[in-house]
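Have a look at the structure below before the remarks.
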Number of protein chains: 2
Amino acid sequence: MVRKPTSKETARKPNMREAILAAAEELFATNGFNAVSVRDIAQAAGANPGSVTYHFKTKDGLLLEIYRRHCGPMNLRRSELLAAAKRVRDLQDRLEAIVRAYVVPAFTSGSDLAGGGARFTRLRAVMSAEGNEVARKIIAQTFDDTSHAFIDAIHESLPHIPRTDIVWRSHFLLGALYYSLVTPDRVSRLSRGEADGSDAAGAIEQLVQATVAAFQAPALDQAAPARRRPVVSSKT
Amino acid sequence: MVRKPTSKETARKPNMREAILAAAEELFATNGFNAVSVRDIAQAAGANPGSVTYHFKTKDGLLLEIYRRHCGPMNLRRSELLAAAKRVRDLQDRLEAIVRAYVVPAFTSGSDLAGGGARFTRLRAVMSAEGNEVARKIIAQTFDDTSHAFIDAIHESLPHIPRTDIVWRSHFLLGALYYSLVTPDRVSRLSRGEADGSDAAGAIEQLVQATVAAFQAPALDQAAPARRRPVVSSKT
DNA sequence: ATGTGATTTGTACTATCGTACAAAAAATCA
DNA sequence: TGATTTTTTGTACGATAGTACAAATCACAT
């Protein structure tokens with residue numbers, strides 16, 4: 001793409017609206033919602049604080065637009081991958097394909113947005129942790145359908161596991177996914193540099209491998225403990 | 001008998017300092033650090049805003065004191081449980097005992113603090129998501145030793161799995177643990193009421209069961225993919 | 001070139017933030 | 001008790017928050 005110096009030498013304004021969205025996404029995803037001011041966002045985008053108000057009315061509106069921008073494409077891509085995964089005949093392979101269909105779009109963007117998949121997922125993780133109200137509403141009404149579809153698909157390939165266990169394990173999957181994006185440095189640190197927590201491909205493989213095994217674990221029937229419980233008594 | 005209360009435990013109000021700490025812990029854990037004002041904390045504790053400054057100097061100091069209050073007891077209890085777990089002879093049982101030793105203290109408090117284990121762990125999750133600087137420093141220098149001890153112990157009971165994989169999987173464990181405490185309602189919702197996300201005992205059993213299976217998954221040797229990879233192609 | 005609507009800028013308003021500090025109250029000790 | 005220390009209260013200050021709004025500027029069809 002050839003740069004067109006149509007305006008002044010500081011020609012970095014193809015679309016100020018997009019720049020603000022990108023800056024806000026990055027700042028929210030790393031610092032949380034309340035720690036970032038509208039002025040911070042404007043400065044990072046090379047814009048004036050008033051521009052934010054002009055384009056998005058309020059700070060909440062800005063967050064809302066970030067979600068609107070990503071939710072559609074990501075869920076669409078997940079649906080496509082899930083449909084493809086369901087056509088896998090071998091039951092074990094199918095389970096892995098389903099998990100992969102859930103994980104991959106969270107790391108790699110599904111649409112034209114430049115590599116923002118991981119960033120947006122991290123944003124969701126942070127908003128979820130902060131109990132952000134705007135995010136909570138969108139999440140519940142946008143992702144629950146997708147989550148149910150995945151849970152049902154997994155349940156079909158693991159019929160002997162109660163649905164309750166599937167729900168718990170898919171919940172753990174999302175938590176692990178979120179945390180991998182929130183503090184990748186911890187992986188690098190604890191592995192003493194042997195692993196790179198920021199490597200998306202590596203994280204995906206590790207996550208898929210571990211999660212498939214977790215789903216395949218024997219059912220947890222609270223009526224009768226299958227094996228003798230290891231002693232962990234200890235009184236304080 | 002005239003008791004001489006030379007100690008500072010005066011009966012009038014059960015220590016305003018403790019009330020402030022408890023209120024701050026609760027508010028920080030549910031709303032994040034920046035969303036909660038000192039005035040919010042004071043009001044929730046039935047205290048005056050000035051009291052917070054008097055006891056803890058700054059808002060950061062208050063957070064710091066919360067960590068200081070919990071880190072010691074929780075790590076101590078984890079060490080005890082880990083030591084006990086390492087004495088389990090059967091390798092599979094030992095692995096489960098180790099995982100349990102890691103998970104249980106995060107849900108149930110280890111010391112005199114009233115049921116604050118889960119609350120503090122949730123606080124850690126939220127601070128981690130927000131990238132809080134004060135928390136990051138304490139966490140790295142307080143929990144990394146413990147984490148390494150657990151990773152080593154798990155590695156010993158799974159010698160054929162590379163340490164890198166163990167690190168990733170224990171990272172997933174912490175993420176799942178955090179997320180279970182952050183949004184337990186999601187479990188209740190997705191299971192259509194069949195599971196209670198707020199039930200600590202149930203969450204622990206599910207988490208231990210799933211995590212043990214994840215740790216026992218075959219190693220992920222990136223050199224040679226063991227099985228044929230399920231097709232998930234799809235181009236954008 | 002010029003007029004017109006869209007965008008950007010600069011600034012100002014009010015609310016609330018963390019924190020400081022002096023006075024009041026309570027607790028402790030001689 | 002009275003003296004002294006500890007704790008609580010009330011208030012105020014500077015900084016910064018989100019947002020509103022008029023003026024300035026830009027893009028572009030005519």
Side-chain angles (χ1 to χ4, degrees), chain A residues 3-25 27-28 30-66 126-127 130 132-135, chain B residues 1-25 27-28 30-66 127 130-135:
Chain A
R3 303 191 323 159
K4 292 202 71 172
T6 57
S7 53
K8 300 173 183 141
E9 75 278 312
T10 59
R12 273 297 172 213
K13 37 158 56 173
N15 206 351
M16 188 56 90
R17 192 186 140 95
E18 296 299 325
I20 293 171
L21 276 170
E25 201 178 302
L27 288 172
F28 286 158
T30 52
N31 300 106
F33 185 77
N34 294 285
V36 178
S37 72
V38 173
R39 288 169 176 81
D40 291 337
I41 297 166
Q43 185 170 13
N48 189 284
S51 277
V52 180
T53 308
Y54 171 72
H55 284 290
F56 307 100
K57 198 64 184 170
T58 67
K59 197 182 171 190
D60 276 357
L62 174 54
L63 181 63
L64 204 70
E65 182 57 27
I66 293 174
V126 176
M127 293 304 113
E130 283 189 320
N132 184 288
E133 268 308 313
V134 176
Chain B
M1 169 180 49
V2 184
R3 200 166 72 87
K4 292 271 280 189
T6 55
S7 66
K8 39 194 77 168
E9 53 165 36
T10 58
R12 174 134 151 64
K13 250 193 179 163
N15 235 353
M16 187 58 87
R17 189 186 144 95
E18 296 298 325
I20 292 170
L21 276 171
E25 201 177 301
L27 288 173
F28 286 158
T30 52
N31 301 105
F33 185 77
N34 294 286
V36 177
S37 71
V38 173
R39 287 168 177 84
D40 290 338
I41 297 166
Q43 186 171 13
N48 190 283
S51 276
V52 179
T53 307
Y54 171 72
H55 284 290
F56 307 100
K57 196 65 185 169
T58 68
K59 198 182 170 191
D60 277 357
L62 174 53
L63 180 63
L64 202 71
E65 182 57 28
I66 293 174
M127 294 303 113
E130 284 189 318
N132 185 288
E133 267 309 311
V134 177

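Proteins get letters first, then strands, A, B, ... in listed order; numbering begins at 1 in each.
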- prompt: In chain order, what residues pass the side-chain contact (heavy atoms from CB on, under 4.5 Å) check against A:Ser37, with sequence neighbours excluded?
  reply: A:Arg39, A:Asp40
task: Considering just the side-chain nitrogens and oxygens of B:Tyr54, establish if one lies under 4.0 Å of OP1 or OP2 belonging to D:dT7.
output: yes
query: A:Asn48 has an atom CG; how far is it from atom C1' of D:dC26, in whole Å?
result: 15 Å
query: How many Å lie between CD on B:Glu18 and C1' on D:dT7, as a whole number?
result: 15 Å
Short heteroatom pairs, N/O only, protein and nucleotides 19-23 of chain C, under 3.5 Å:
| residue | atom | partner | partner atom | Å |
| --- | --- | --- | --- | --- |
| C:dT19 | OP2 | B:Lys59 | N | 2.7 |
| C:dT19 | O4 | B:Arg39 | NH2 | 3.4 |

Cut-off 3.5 Å, no hydrogens considered: what does the side-chain donor-acceptor table look like for residues 50-57 of chain A, sequence neighbours left out?
none

- prompt: Counting only side-chain N and O atoms of B:His55, is one of them less than 4.0 Å from OP1 or OP2 of D:dT6?
  reply: no
message: Tell me the closest heavy-atom pair linking A:Leu27 and A:Ala44, and the distance in Å.
response: CD1-CB, 4.0 Å
field: Which residues share a side-chain hydrogen bond (donor to acceptor under 3.5 Å, both in side chains) with A:Gln43, sequence neighbours left out
entry: none
- prompt: A:Arg17 has an atom CZ; how far is it from atom C1' of D:dA27, in whole Å?
  reply: 18 Å
- prompt: Expressed in angstrom and rounded to an integer, what is the separation of A:Gln43 atom CD from D:dA17 atom P?
  reply: 11 Å
statement: Here the distance between atom P of D:dT19 and atom CD1 of A:Ile20, to the nearest Å, is 14 Å
message: Rounded to whole Å, how long is the line connecting atom CG of B:Leu62 with atom P of C:dC17?
response: 15 Å
field: Nearest-Å distance for atom pair CE/P, residues B:Met16 and C:dA27
entry: 12 Å
message: Whole angstroms only, please: what is the CZ-C1' distance between A:Phe56 and D:dA20?
response: 18 Å
task: Please work out if B:Ser51 contacts a base, only the sugar-phosphate, or nothing of the nucleic acid, heavy-atom cut-off 4.0 Å.
output: base
- prompt: Taking all non-hydrogen atoms of both residues, which atom of B:Ala135 and which atom of B:Met127 are closest, and how far apart?
  reply: CB-CB, 3.7 Å
Pairing residues for A:Thr58 by the side-chain contact (heavy atoms from CB on, under 4.5 Å) criterion, not counting sequence neighbours: A:Asp60
message: A side-chain contact here means heavy atoms from C-beta on lying under 4.5 Å apart; do A:Glu133 and A:Phe33 qualify?
response: no
- prompt: Is the distance from OP1 or OP2 of D:dT16 to the nearest side-chain N or O of A:Ser37 less than 4.0 Å?
  reply: no
